[in-house]
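Working notes, beginning with the structure itself.
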2 protein chains.
Amino acid sequence: MKIATWNVNSLNVRQPQVLEWLMNQQPDVLALQELKLDQDKFPIAALQMMGWNAVWSGQKTYNGVALISRHELHDVHIGLPEMADDPQRRVIAATVNGVRVIDVYCVNGESLDSPKFDYKRQWFAALTHFVRDELTRYPELVLLGDFNIAPTDEDVYDPKKWHEQIHCSSEERSWLKNLLDLGLHDSLRHLHPTGAFYTWWDYRGAMFEKGLGLRIDHVLVSANLLAKLQSVQVDTDTRANERPSDHAPVVAVFG
Amino acid sequence: MKIATWNVNSLNVRQPQVLEWLMNQQPDVLALQELKLDQDKFPIAALQMMGWNAVWSGQKTYNGVALISRHELHDVHIGLPEMADDPQRRVIAATVNGVRVIDVYCVNGESLDSPKFDYKRQWFAALTHFVRDELTRYPELVLLGDFNIAPTDEDVYDPKKWHEQIHCSSEERSWLKNLLDLGLHDSLRHLHPTGAFYTWWDYRGAMFEKGLGLRIDHVLVSANLLAKLQSVQVDTDTRANERPSDHAPVVAVFG
DNA sequence: GCATTTCTCG
DNA sequence: CGAGAAATGC
């Protein structure tokens, strides 16, 4: 089973790249973030024509998440129960081949002193409670997406510059640890305990060309699935596309 | 001698089309309007690389005019003497092979009751005085560009709809007549006394596809040049380009 | 830097 | 409708 996550930063712009990527990669599940399109603008026809199923939660301009699969998507759940009246579309979950897949576009937070950081704090608490609940029902579970948190300084191109900055603060890292403490594992670090595996590079300043990024997109898996984990890769090839997303896909394969 | 005028509605966007058009048409002079780029943003390097000379008066966002030629451009004059402190770049004149070429992007005016219509009135008076003065020195003179005036109802796709509207009012037509009364002649009507020869079609409502336009771009010539006039054409082929200007070039050939 | 919206202009 | 500016978000 191949499961991938990709923050596409506008599915309108990246649609051809996503279709081509699906053709080439043939994942069992692709989780997308930052669709930036309204619910009724999702290109479901083009996907179905190519034999893909999809569920999505769209929003105009901002956010938006989707799960795309060759298989059936069961028990679809949208949003966080504790943030029922939050208009931001950041969470979609579904069961594929018995595996619970939770796709998240976590709050960015802007900076530690921003009101958006408080929202990020609340949002991660609500996510943790939701995932804890899901784990009681689904032993095989994947929580994946854009977390907007770099777990350790090894996931940051310049840890001094980013010290206690957004994405890298100890408080944010504690939120990520809370998720792992539910019984989840960072699949990439399980197979690659050291080394740089960035998934995001700022468009500004040709950061990708310079190899300067952050690892903020993750595939977290329950112990049950960890046992079957075969490989995890960051597909930096997508950055060679003409109008690339600022994020690269992370692809995990399970036996 | 082949002399043409083309309102390009952003030279940034239309630059490749203009270069291709120059290659194919090989005019002696091409007069451009609505460059919509700042003085230091004019693509002089690309033009020189292809063997063209140019003089221009650029302005950010609005207006902007240029003269492009294979030949030398002498005695360049920018602006209207009576509107010396007008920041709008609408007039550039130069002498090519002994012919005085005055390129104008005349004021639109918006509507008869707009303050911009008063500006149009003043501006045409200042233009008339300038051209009168130029004619005293240059017997062979071409005044060409986007006049934003349709000379007669035959130059309008729906004269009833446009009756006494902007571009078509009797007052504006009197301003155009004032210019002709200086000793200029409407080259297109000289060779084609009747018939529709539109040069502009509103982007809105697929007006070009419906054949509904106005003739507001003109090539006016002194008697001396009229004697040598061989042909005048509107090059509607440019409208088949991918991102066309809303104006088509008008091309006049002199023997 | 890239994507998006809203605004102004023609 | 198509162009540019300015503002916002990441």
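A note on names: the letters A, B, ... follow the listed sequences, proteins ahead of strands, and every chain is numbered from 1.
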B/Gln88: side-chain contact (heavy atoms from CB on, under 4.5 Å) partners, not counting sequence neighbours: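 If we apply the side-chain contact (heavy atoms from CB on, under 4.5 Å) test to B/Gln88, skipping adjacent residues, the hits are B/Gln59, B/Asn63, B/Asp86, B/Arg90, B/Tyr119.
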Test salt bridge (Lys or Arg N to Asp or Glu O under 4.0 Å) applied to B/Asp246 - qualifying residues, sequence neighbours left out: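 With neighbours one apart ignored, the set is empty.
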Can you name the residues that form a ring-ring contact (aromatic ring centres under 6.0 Å, His included) with B/Tyr198, not counting sequence neighbours?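 Counting only residues at least two positions away or on another chain, B/Tyr198 forms no ring-ring contact (aromatic ring centres under 6.0 Å, His included).
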Any residue meeting ring-ring contact (aromatic ring centres under 6.0 Å, His included) with A/Trp175, in chain and number order, not counting sequence neighbours: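 A/Trp175 satisfies ring-ring contact (aromatic ring centres under 6.0 Å, His included) with A/Phe117, A/Phe124 once adjacent residues are dropped.
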Where chain A begins and ends its contact with DNA chain C, read 5' to 3' at 4.0 Å from heavy atoms: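 Span of nucleotides near chain A: C/dG1 to C/dT5.
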Quick check on DNA chain C: between A/Asn12 and A/Gly205, whose nearest nucleotide comes earlier from the 5' end?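 Taking each residue's closest nucleotide, the earlier one in sequence belongs to A/Gly205.
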List the atom pairs, donor and acceptor, that lie under 3.5 Å between side-chain atoms in residues 30-37 of chain A and the rest of the protein, sequence neighbours left out.
from: A/Gln33; atom 1: OE1; to: A/Thr5; atom 2: OG1; distance (Å): 3.4
from: A/Gln33; atom 1: OE1; to: A/Asn7; atom 2: N; distance (Å): 3.2
from: A/Gln33; atom 1: NE2; to: A/Thr5; atom 2: OG1; distance (Å): 2.9
from: A/Gln33; atom 1: NE2; to: A/Ala31; atom 2: O; distance (Å): 3.2
from: A/Gln33; atom 1: NE2; to: A/Asp103; atom 2: OD1; distance (Å): 2.8
from: A/Glu34; atom 1: OE2; to: A/Asn7; atom 2: ND2; distance (Å): 3.1
from: A/Glu34; atom 1: OE2; to: A/Tyr105; atom 2: OH; distance (Å): 3.4
from: A/Lys36; atom 1: NZ; to: A/Asn9; atom 2: OD1; distance (Å): 2.8

With salt bridge (charged side-chain N to carboxylate O under 4.0 Å, His left out) as the rule and sequence neighbours excluded, what pairs involving residues 156-167 of chain A come up?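 Of all non-adjacent pairs touching residues 156-167 of chain A, none passes salt bridge (charged side-chain N to carboxylate O under 4.0 Å, His left out).
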Is the A/Phe147-A/His167 ring centre distance short of 6.0 angstrom?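 No, the ring centres sit 6.0 Å or more apart.
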To the nearest Å, give me how far apart CG (B/Leu35) and P (D/dA3) are.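 To the nearest whole Å, that distance equals 15 Å.
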If a protein heavy atom is under 4.0 Å from the base, mark B; if only from the sugar-phosphate, S; if neither, -; do that for nucleotides 5-10 of chain D going 5' to 3'. S---SB
A/Arg121: side-chain hydrogen bond (donor to acceptor under 3.5 Å, both in side chains) partners, not counting sequence neighbours: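 Listed in chain order: A/Asp118, A/Glu171.
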